[in-house]
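Quick notes on the structure that follows.
In what follows, chains carry the letters A, B, and so on, assigned in the order in which the sequence lines appear, proteins first and then strands, with residues in each chain numbered from 1. Basis for what follows: all heavy atoms, side chains included, without hydrogens, waters or symmetry-related copies.
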Amino acid sequence: MDKKVRVRFAPSPTGGLHLGGMRTVLYNYLFAKKYKGDFIVRIEDTDQSRYVAGAEEYIFDCLKWCGLEPNESVQHGGSYGPYRQSERKELYRKYAEQLVNDGYAYYAFDTTEELDKMRNDFKTEKNPSPQYDHSIRTKMRNSLTLTDTKVKELLATNTRHVIRIKMPEQESISFTDMIRGEVNFDSSLVDDKVLLKADGMPTYHLAVVVDDYLMEITHAFRGEEWLPSAPVHILLWKYLFGIEKMPEWAHFPLILGPNGKLSKRDGAKYGFPVFAMNWTDPKTGDLTEGFKEKGFLPEAFINLLALLGWNDGTEQEIFTVDDLIDKFTMERVHSSGAHFDYEKAKWFNHEWIKKLEVSGLRFPVGELLTKNGFIVSDETYLDKVIELVKDRCTLLTDFIEQSSFFFATPEHPDLDTIKSKWNDQKQLFFRELIRAYKLLSLWNTVDLEKTFKEIAAVHQLKPGELMLPFRIMLVGGKFGPGVFEIADVLGKTETLKRIEKTLSLLS
RNA sequence: GGCCCGUUCGUCUAAGGGCUAGGACACCACCCUUUCACGGUGGUGAUACGGGUUCGAAUCCCGUACGGGCUACCA
């Protein structure tokens with residue numbers, strides 16, 4: 001590639017960032033880094049009626065959580081700004097008017113009511129959604145049907161109007177998609193999309209072309225839902241800047257839920273997160289759960305996202321970001337949609353928890369425990385706990401249950417489990433155990449187990465019958481790592497305290 | 001309805017003319033484990049259908065079916 005690679009993610013700040021959006025971010029980022037290019041984030045906020053407070057900042061928070069930092073954006077600066085389309089408003093009219101002057105677009109004065117009427121009048125069983133196209137435009141109020149003087153008069157009196165592209169008839173429009181290969185369209189089947197809205201803002205169609213040009217974007221990636229409007233964008237490139245300047249396109253396959261395109265409703269309905277991070281709708285107050293808060297590691301989130309529509313051709317499934325940058329190619333991105341499988345997503349997270357060094361878990365786990373009311377003061381102690389329980393945690397939130405007993409004496413130990421087979425002999429055993437443990441000069445897993453078994457032998461008891469009660473005393477329930485490892489980490493004082501406490505509860 | 005995209009185990013996918021169609025998740029069984037997991041071994045399970053092209057097709061072509069997307073002064 002001769003020119004420096006420049007790619008952009010262009011979100012509309014209207015709410016949470018879902019899986020599909022995050023994957024688009026990831027693929028953009030990977031592509032940019034692979035070719036030593038720049039990754040730009042451009043905020044597409046041309047629809048003022050859909051403004052949602054906080055949505056823009058939220059998007060950047062999600063990127064930050066994943067470590068996918070842009071080179072240029074509203075927050076990162078750059079020399080192609082502004083990076084918010086609402087701040088670029090004045091730029092677009094010029095291009096729209098240039099298209100009108102060149103005969104590629106026209107003014108349309110139709111009101112919303114008139115458009116509704118048209119759609120209603122021309123609606124038939126065979127054509128349930130009539131389009132404002134070459135056959136309809138001659139029947140509407142626009143600069144193609146009105147006289148020049150009338151048009152000038154309407155413009156002079158500031159009559160509300162839009163600018164629409166004039167789609168040519170019977171022209172074959174084609175382009176080569178990096179993933180799908182050649183895609184063809186018949187121009188007469190595409191409608192005259194609005195380019196400039198009555199409020200002076202551009203629509204996506206105009207803005208994406210103008211901004212990709214001005215920002216010197218070399219590769220434009222977006223979801224498959226944009227494929228049908230590609231002919232409009234191609235024509236605009238041809239009319240405005242020359243088709244040879246157009247970036248290369250790739251349309252990513254959709255991420256599907258149980259019923260078509262994944263939506264945030266699917267998450268609520270089937271009990272899995274859809275957004276990267278928790279999102280609270282400022283208007284309704286509704287909270288939509290995020291992967292972060294659900295207990296996912298960013299490493300795992302990125303990993304699972306990458307594999308939803310791409311693979312490197314081998315059987316490798318666990319990738320670091322650097323791995324991905326190295327191996328990612330657009331040619332290996334699929335053209336078919338992928339269903340999101342939450343079970344597999346959890347598997348990725350589990351793999352990452354097991355794979356990560358304790359140092360990589362220390363911060364998120366410590367934070368989580370603290371937030372749940374546990375007092376985590378000793379980092380070395382926390383590290384030991386994490387090392388001991390990490391293999392049994394699928395989600396970060398599992399650390400709460402799996403390690404809570406290391407930070408607080410179990411409030412309600414499962415005494416019933418002990419009681420059913422409890423007797424004086426066992427009571428005696430534990431009294432003896434306390435005495436022996438008190439005398440232990442070395443407090444480690446091996447000696448704890450050795451002593452335990454020696455005393456059991458003396459009392460003619462099977463260690464197996466005693467280990468479960470011991471576990472209940474230390475853990476509170478039937479789960480967790482090996483009992484002697486637990487006792488080791490807990491330390492002498494706490495271990496003895498817990499045995500004593502349970503013994504008194506039993507008598 | 002029209003246009004566009006797609007179709008390998010339930011799910012994510014490998015195999016880009018020559019295999020007993022491979023792996024992973026999930027599921028089941030067994031092993032390991034004096035708890036629960038981890039781990040290990042094995043198992044169930046797929047080329048949508050019909051035509052071509054070819055010595056040979058999951059793979060190339062056509063049709064059908066099915067799925068999805070788009071069809072706003074939303075992105």
Answer yes if the ring centres of A:F399 and A:F406 are under 6.0 angstrom apart, and no otherwise.
-> no
Assign A:K261 to base, sugar-phosphate, or nothing according to its heavy-atom contacts below 4.0 angstrom with the strands shown.
-> sugar-phosphate
Quick one: is A:K354 getting a side-chain N or O under 4.0 Å of the B:rA37 phosphate, OP1 or OP2?
-> no
When you check the phosphate oxygens OP1 and OP2 of B:rC74, does a side-chain N or O of A:K197 lie under 4.0 Å from one of them?
-> yes
Starting at atom CZ of A:F272, determine the distance to atom C1' of B:rC12, rounded to an integer number of angstrom.
-> 14 Å
Scan residues 448-469 of chain A for pairs that pass side-chain hydrogen bond (donor to acceptor under 3.5 Å, both in side chains), counting only residues two or more places apart or in two chains.
-> A:E449-A:K453
Describe the nucleic acid contact of A:R222 in one word from base, sugar-phosphate, nothing, applying a heavy-atom distance below 4.0 Å.
-> nothing
Which one is paired to B:rG18, where only Watson-Crick or G-U wobble pairs with both distances under 3.5 angstrom count?
-> B:rC55
Taking the side chain of A:E351 as its heavy atoms from C-beta onward, which of B:rG39, B:rU11, B:rU71 lies nearest to it?
-> B:rG39
Cationic N near anionic O, under 4.0 Å, A:K238 to A:E171 | yes
Could you state the CG-C1' distance from A:L227 to B:rC5, rounded to the nearest angstrom?
-> 6 Å
Got a donor-acceptor contact below 3.5 angstrom from the A:T203 side chain to the A:V194 backbone?
-> yes
Could you pull out all residues at least two apart from A:A198 that satisfy side chain to side chain contact (heavy atoms under 4.5 Å, CB included)?
-> A:R160, A:V162
Ignoring the backbone of A:R119, work out which of B:rC70, B:rC73, B:rC5 is nearest its side chain.
-> B:rC73
OP1, OP2 of B:rG68 versus side-chain N and O of A:H334: anything below 4.0 Å?
-> no
Among residues 163-181 of chain A, which contact RNA chain B at a heavy-atom distance under 4.0 Å?
-> A:R164, A:R180
Taking only nitrogen or oxygen atoms into account, show me every contact under 3.5 Å that the protein makes with nucleotides 41-47 of chain B, one pair per line with its distance.
none

Heavy-atom donor-acceptor pair, A:K344 side-chain to B:rA24 base, under 3.5 Å | yes
Pick the P atom in B:rA46 and in B:rG22, then give their distance to the nearest Å.
-> 11 Å
For nucleotides B:rU7 and B:rA15, find the distance between their P atoms and express it as a whole number of Å.
-> 13 Å
For A:E44, what residues pass the side-chain hydrogen bond (donor to acceptor under 3.5 Å, both in side chains) criterion, not counting sequence neighbours?
-> A:R42, A:Q85
Between CD1 of A:I318 and P of B:rG23 the distance, given in whole Å, is 18 Å
side-chain N/O A:K123 vs B:rG1 OP1/OP2, d < 4.0 Å | no
Sequence neighbours excluded, which residues qualify as ring-ring contact (aromatic ring centres under 6.0 Å, His included) partners of A:F479?
-> A:F405
Using atom CG of A:L254 as one end and atom P of B:rG68 as the other, report the distance to the nearest whole Å.
-> 11 Å
Ring centers of A:Y27, A:F221 separated by less than 6.0 Å | no
Expressed as a whole number of Å, how far does the C1' atom of B:rC28 sit from that of B:rG18?
-> 35 Å
A:E224 side chain to A:S335 side chain, donor-acceptor N/O pair below 3.5 angstrom | no
